Undergrad: 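My questions all concern the structure below.
The figures here come from the full heavy-atom set of this structure, side chains too, leaving out hydrogens, waters and symmetry mates. A quick note: this is a predicted structure, and the numbers were derived from the prediction, not measured. In what follows, chains are A, B, ... by sequence order, proteins preceding strands, each numbered from 1.
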Amino acid sequence: NAGVTQTPKFHILKIGQSMTLQCTQDMNHNYMYWYRQDPGMGLKLIYYSVGAGITDKGEVPNGYNVSRSTTEDFPLRLELAAPSQTSVYFCASSSGEKLFFGSGTQLSVL
Amino acid sequence: AQKVTQAQTEISVVEKEDVTLDCVYETRDTTYYLFWYKQPPSGELVFLIRRNSFDEQNEISGRYSWNFQKSTSSFNFTITASQVVDSAVYFCALSEVDSSYKLIFGSGTRLLVRP
């Protein structure tokens, strides 16, 4: 079982560029989340979704956008990347019991 | 507002020592869940335990045990006879029972177990 799959694993982005981090889950979970983890820090919630077509902001949504057109996919879009967005990004899904995390995307904005 | 505090930034122990990781939480809800996750050096997040607010029984799983005390809003994690493989960052997290089940994480405690 694949669980939660994130791509890419690593990426270097130039300031001002845009990109989409992909996340897909095969557990038919309604709930999906994007977190970022800065060095030496805990995880902070960027956006979340409670089902296809429904998304909402988390603690740190500025500079990001999401969409949820299917149950399986929850891509995170970075527009006009800034150095402050250098972080490790984790996607997660849940049925309500616990969160299952992807392996993370390490993103550097230079 | 919900908040999780892990005051211990880093702990270093020698193998076979017991170690307790502290977690204090704040919430206005009477129904909530508490979690511990482990993040080894490889970076993935590994689920360890979930407790609901109605169950204050301590739990033991092998060398791991958890002490949940609502009176002090704490959910502490003890590793008995630590091993080098226990070296990781450990996160405590809180989830309120609303429509989203999103987790609020503490800042983590880095545990280093020396041989």
Undergrad: So for atom NZ, which belongs to B:Lys3, do other residues, nucleotides or ligands contribute more than 12 heavy atoms lying within a distance under 6.0 Å?
TA: no

Undergrad: Walk me through it: do B:Ile104 and A:Leu45 pass the test side-chain contact (heavy atoms from CB on, under 4.5 Å)?
TA: CA-CA 8 Å; B:Ile104 299 154; A:Leu45 183 65; over 6 Å; no

Undergrad: Report, as yes or no, whether the 6.0 Å neighbourhood of atom CZ on B:Arg51 holds more than 12 heavy atoms from other residues, nucleotides or ligands.
TA: yes

Undergrad: A:Tyr47, A:Leu21: one ILVMFWY side-chain cluster at the under-4.5 Å cut-off?
TA: yes

Undergrad: Please check if A:Leu13 and A:Tyr64 belong to a single hydrophobic cluster, counting links between Ile, Leu, Val, Met, Phe, Trp and Tyr side chain heavy atoms closer than 4.5 Å.
TA: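 Yes.
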
Undergrad: Are A:Ile46 and A:Leu78 linked, directly or through other ILVMFWY residues, by side chains that come within less than 4.5 angstrom of each other?
TA: yes

Undergrad: Between CG of A:Asn30 and OH of B:Tyr101, what distance do you get to the nearest 0.5 Å?
TA: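 Going from the CG atom of A:Asn30 to the OH atom of B:Tyr101 covers 10.5 Å.
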
Undergrad: What part of B:Gln39 gets within 4.5 angstrom of chain A, counting heavy atoms only: side chain, backbone, both, or neither?
TA: side chain

Undergrad: Atom OG in A:Ser103, atom CG in B:Leu45: separation rounded to 0.5 Å?
TA: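 A:Ser103 OG to B:Leu45 CG: 10.5 Å, rounded to 0.5 Å.
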
Undergrad: Under 4.5 Å between side-chain heavy atoms, hopping through other hydrophobics if needed: is there a path connecting B:Leu21 to B:Val24?
TA: no

Undergrad: A:Tyr35 and ring-ring contact (aromatic ring centres under 6.0 Å, His included): which single residue from B:Phe105, B:Phe91, B:Tyr37 fits?
TA: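 Result: among B:Phe105, B:Phe91, B:Tyr37, B:Phe105 is the only option passing the ring-ring contact (aromatic ring centres under 6.0 Å, His included) with A:Tyr35.
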
Undergrad: Shorter than 4.5 Å, heavy atoms on both sides: which option in A:Gly40, A:Ser49, A:Gly96 has the most such pairs with chain B?
TA: A:Gly96

Undergrad: As an exercise, state the distance from CD of B:Glu44 to CZ of A:Phe101, rounded to the nearest 0.5 Å.
TA: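 Nearest 0.5 Å value for the CD-CZ distance: 12.0 Å.
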
Undergrad: So which of A:Lys44, A:Met41, A:Gln37 has the biggest tally of heavy-atom pairs under 4.5 Å with chain B?
TA: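 Heavy-atom pair counts peak at A:Gln37.
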
Undergrad: Answer yes or no: is there a donor N or O on one side and an acceptor on the other, between the side chain of B:Tyr33 and the main chain of A:Lys98, under 3.5 Å?
TA: no

Undergrad: Count the heavy atoms belonging to other residues, nucleotides or ligands that lie under 6.0 Å from CD1 of A:Ile12, then report whether that count exceeds 12.
TA: no

